[in-house]
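Data block below; observations after.
Heavy atoms only: backbone and side chains are in, while hydrogens, waters and symmetry mates are out. Quick note on labels: first sequence line is chain A, next is B, and so on, each numbered from 1.
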Amino acid sequence: MHGDFACNIAMALAKSAKLNPRELAQTIVNALPIDAAITKVEIAGPGFINFFADSSAQFQVISHILAQGAQFGLSTAGAGQNVQVEFVSANPTGPLHVGHGRGAAYGSALANLLQAAGFNVHREYYVNDAGRQMDILAASVWLRYLEVCGEAIAFPSNGYRGEYVRDIGADLQQQHGTAFLKPAAEVFAGIPADEPQGGDKEDHIDALIERVKLLLAAEGYETVFQAGLQVILDDIRDDLAEFGVTYQEWFSERRLMTTGAVAEALERLQTAGYLYMKDGATWFASSRLGDEKDRVVVRENGQTTYFASDIAYHMNKLDRGFDQIINIWGADHHGYIPRVKAAMQALGADPERLKVLLVQFAVLYRGEEKVQMSTRSGEFVTLRQLRNEVGGDAARFFYVMRRSDQHMDFDLKLAASKTNENPVYYVQYAYARVCSVLRQLDEKGFSRDAALGLASLERLQESHETSLVETLSRYPEVLEKAALQYEPHQLIQYLRELANEFHTYYNAHQFLVDDNALREARLALIGAVKQVLGNGLKLLGIHTPESM
RNA sequence: GCGCCCGUAGCUCAGCUGGAUAGAGCGCGGCCCUCCGGAGGCCGAGGCCAGAGGUUCGAAUCCUCUCGGGCGCGCCA
């Protein structure tokens, strides 16, 4: 602010010292040792102590940045702790939509940040490939398949109606011909009416699922099920990869069930005395551990619940020895946190090891107009459409630009625009501009002498230059703070600030001057700017174009 | 009804483990070198930080209440 470093200790201690803050500050200043790196100490305002650093000490950061390159800014704050970051984890029942996009951009940026801060990061996607929703998908695929085979189907109102389901049904027909064909009359015989016919859509679809399983038998059902799962999961994987989001592991919920992990988790809860029977179901006494009420883990029909899988999943995470477990969830799941923490506690683990970060939904706009979305009718904007419309860089930038735990308005028109209204290009342009200047070197017949630049840094006496150096030197602390507070948007704020200072400098001074020492010093400075912009953008998963 | 989150410039948002004159982008009104890329820069107008109390030397920041908005309260996932 007012000094290179500021200190408020005099005000904080004024009361217990029974002195007024400025007097106390003076006493402290008088007692300070002399240090060559500090040129001046001042008392200001209500009692702040401001320290001014020697400029040559400040300039050293340029040499550090250029020497360390991509390593500059990395810290060891994480001390090699193992952190698992689980994010997106959308049900594989359809393509990712824009809501998942925010979790993807945020989770991926956060994971990169944590890694840069010295944590050992494990990125994971939890695949909900078990449960009723997947059965509904399998049934939907099969019904579309029957349509392709020529059967007349009244498609259930609660089924997955998206086009992609038709495609999967058609593929199934291509690969297996009529192997799974059954007459429509047989499929629907005795099934309770669907909602449009005055029935209950849930009863209707559940009965259909039972019928599909019966008619296809276990093996046939598995084929249809896998056809749907694999196509959709591959699509999600490709989609995320194109968005710059990759994982160390895709963790299957089904695997938890088939390996007996769910049963084992329930046994452990049983042994610990947290399970009881009521109304034919098995309940977990989560209310004893801070939850609002107890939760069912085994349904009356003998099926375990999603929550039971999640208990097993978190037990598995604990067993894998992660020091920190980070779950990134949609904000609509916030009520779910206490029961998961309760489960961890019941399993004998410290619930503090789990950190749940909530991502609020983004509301889409095209200019003034709100984009309506509805999952049930299959009318939603997919992440892929978003990327096609605005580009991956703009999408990531916009998603991460705001605090993740706050609602955001996402203006597609603005994100897609290639004008100065769009903040994405602002930062990239600064990077490209430095590249452009460096290209100009040759054209102007200058040759590079990096050593001369580093030896001439004290020539950088313009106010633009000293403040740019100050901003560059802040990068490591910004990075570390953004990581430890799980707030990538702090990094974006910083990069915008750095880009702004660079653009201002660019407009105020010529870099390619005839004075060799000054020119090289300036090139060293803007080279450092380029490096820091590049390091930051890379962590955010945004490209660094050399020209635009 | 109960619980969680949020109300900061015309708009979108930073700032929130208390600190100096509350910031940025867009929009709006002026302006910018025959010179490295004008996707840039400079200047200006624009605020009772939703409202009311409280704690404190000091509150946008912490506490309480009111008003306004979002979300959650399944043997769904």
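Using a 4.0 Å heavy-atom distance criterion, A:His333 is classed as a base contact. Residue contacts shown for A:Phe307 are absent, as no nucleic acid heavy atom lies under 4.0 Å away. Using a 4.0 Å heavy-atom criterion, one finds that A:Asp411 contacts no nucleic acid atom at all. Within 4.0 Å of A:Gln440, counting heavy atoms only, lie sugar-phosphate atoms of the nucleic acid but no base atom. Using a 4.0 Å heavy-atom cutoff across all strands shown, A:Met408 reaches sugar-phosphate atoms only and no base atom. Among the atoms of the strands shown, only primed sugar atoms or phosphate atoms (P, OP1, OP2) are found under 4.0 Å from some heavy atom of A:Arg433. Backbone-only contact: A:Thr504 has heavy atoms under 4.0 Å from sugar-phosphate atoms and none from a base. Within 4.0 Å (heavy atoms only), A:Gln133 reaches sugar-phosphate atoms of the nucleic acid but no base atom. At a threshold of 4.0 angstrom between heavy atoms, the contacts of A:His503 are confined to the sugar-phosphate backbone, with no base atom among them. Within 4.0 Å (heavy atoms only), A:His464 reaches no atom of the nucleic acid at all. Contact annotation for A:Ser547: base contact, defined as any heavy-atom pair under 4.0 Å involving a base atom. Residue contacts shown for A:Ala281 include a base, since a base heavy atom lies under 4.0 Å away.
For a distance-only test at 3.5 Å, the side chain of A:Asn507 qualifies as a donor-acceptor partner of the base of B:G40. In the interface, the side chain of A:His407 is not paired with the base of B:C6 through any donor and acceptor atom under 3.5 Å apart.
Using P as the reference atom, B:G23 and B:U34 are 35 Å apart when rounded to the nearest Å. When the P atom is used for both B:U21 and B:C2, the distance is 42 Å, rounded to whole Å. For the C1' atom pair drawn from B:A14 and B:A77, the interatomic distance equals 35 Å after rounding to whole Å. As rounded to the nearest Å, B:A20 and B:C62 have P atoms that lie 15 Å from one another. The same atom, P, is picked in B:C49 and in B:A22; the two are 11 Å apart, to the nearest Å. Comparing the P positions of B:G18 and B:A60 gives an interatomic distance of 14 Å, to the nearest angstrom. To the nearest whole angstrom, the two C1' atoms, one in B:G47 and one in B:C42, are 23 Å apart.
Counting to the nearest Å, the C1' atom of B:C11 and the CG atom of A:Leu414 are 11 Å from each other. Between A:Asp291 atom CG and B:C4 atom C1' there is a gap of 13 Å when expressed in whole angstrom units. Across the protein-nucleic acid pair, A:Asp405 atom CG and B:G7 atom P stand 10 Å apart, rounded to whole Å. With rounding to whole Å, A:Tyr426 atom OH is found 7 Å from B:G40 atom P. Atom P of nucleotide B:G70 and atom CD of A:Gln360 are separated by 12 Å, given to the nearest angstrom. Taking atom CZ of A:Arg403 as the reference point, atom P of B:C16 lies 8 Å away to the nearest angstrom. Rounded to a whole Å, the CG atom of A:Asp442 is 13 Å from the C1' atom of B:C36. Following rounding to the nearest Å, A:Met277 (CE) and B:C75 (C1') show an atom-to-atom distance of 12 Å.
Between A:Asn500 and B:G41 there is a side-chain N or O to OP1 or OP2 distance below 4.0 Å. When the side-chain nitrogen and oxygen atoms of A:Tyr494 are compared with OP1 and OP2 of B:A14, none of them lie within a distance under 4.0 Å. Within the 4.0 Å cut-off from OP1 or OP2 of B:C75, not a single side-chain nitrogen or oxygen of A:Lys278 is found. Phosphate proximity of B:C26 to A:Arg496: absent, as no side-chain N or O sits under 4.0 Å from OP1 or OP2.
For A:Val296, whose side chain is taken as the heavy atoms from C-beta onward, the closest listed nucleotide among B:C75, B:G3, B:G37 is B:C75. Distance from the side chain of A:Gln406 is smallest to B:C16 among B:C16, B:G40, B:C36. Checking B:A77, B:G15, B:C75 against the side-chain heavy atoms of A:Asp279 singles out B:C75 as nearest. Nearest to the side chain of A:Asp409, among B:A77, B:G15, B:C13, sits B:C13. Nearest to the side chain of A:Tyr506, among B:C75, B:A77, B:G38, sits B:G38. Nearest to the side chain of A:Met548, among B:A14, B:A39, B:C76, sits B:A39. Looking at the side chain of A:Arg132, the nearest of the listed nucleotides B:C76, B:C75, B:C36 is B:C76. The side chain of A:Lys293 lies closest to B:G74, out of B:G74, B:C71, B:A77. Of the candidate nucleotides B:C36, B:C71, B:C13, B:C36 has the atom nearest to the side chain of A:Lys444.
Aromatic rings from A:Tyr505 and A:Phe511 are positioned such that their centres are separated by under 6.0 Å. Residues A:Tyr494 and A:Tyr475 bring their aromatic ring centres within 6.0 Å.
The one candidate from A:Tyr126, A:Trp329, A:Tyr247 that meets the ring-ring contact (aromatic ring centres under 6.0 Å, His included) condition with A:Phe87 is A:Tyr247. Each of A:Thr471, A:Leu472, A:Val469 was compared with A:Val529 under the side-chain contact (heavy atoms from CB on, under 4.5 Å) criterion, and only A:Leu472 meets it.
Mapping A:Ser404 and A:Ala432 onto RNA chain B by nearest heavy atom places A:Ser404 closer to the 5' end of the strand. Heavy-atom distances to RNA chain B give each of A:Phe511 and A:Thr305 a nearest nucleotide, and the one nearer the 5′ end belongs to A:Phe511.
Nucleotide B:A24 forms a pair with B:U12, judged by Watson-Crick or G-U wobble geometry with both contacts under 3.5 Å. Pair assignment for B:G1 gives B:C73, based on Watson-Crick or G-U wobble hydrogen-bonding distances that are each under 3.5 Å. B:C42 is paired with B:G30 under the Watson-Crick or G-U wobble criterion, all donor-acceptor distances under 3.5 Å. In this structure, B:G58 forms no base pair with any nucleotide, since neither Watson-Crick nor G-U wobble geometry is met with both distances under 3.5 Å. Using Watson-Crick or G-U wobble geometry with both donor-acceptor distances under 3.5 Å, B:A52 finds its partner in B:U64. Applying the Watson-Crick and G-U wobble criteria (two distances, each under 3.5 Å), B:U17 pairs with nothing in any strand.
Proximity of a side-chain donor or acceptor of A:Arg403 to a complementary backbone N or O of A:Glu487 within less than 3.5 Å is not detected. In this structure a side-chain-to-backbone donor-acceptor pair under 3.5 Å is present from A:Asp129 to A:Arg254.
The aromatic rings of A:Phe307 and A:Phe284 lie tilted to each other, with the angle between the two planes from 30° to 60°.
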How far apart are the C-alpha atoms of A:Lys413 and A:Glu369, what are their side-chain angles, what is the distance that settles it, and do they pass the side chain to side chain contact (heavy atoms under 4.5 Å, CB included) test?
-> CA-CA 10 Å; A:Lys413 208 167 117 194; A:Glu369 191 189 342; over 6 Å; no
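Side-chain contact check for A:Tyr164 and A:Asp235: no donor-acceptor pair (N or O, by modelled atom type) lies under 3.5 Å. For the residue pair A:Glu480 / A:Ser75, a side-chain donor-acceptor distance below 3.5 Å is found, with atom types taken as modelled.
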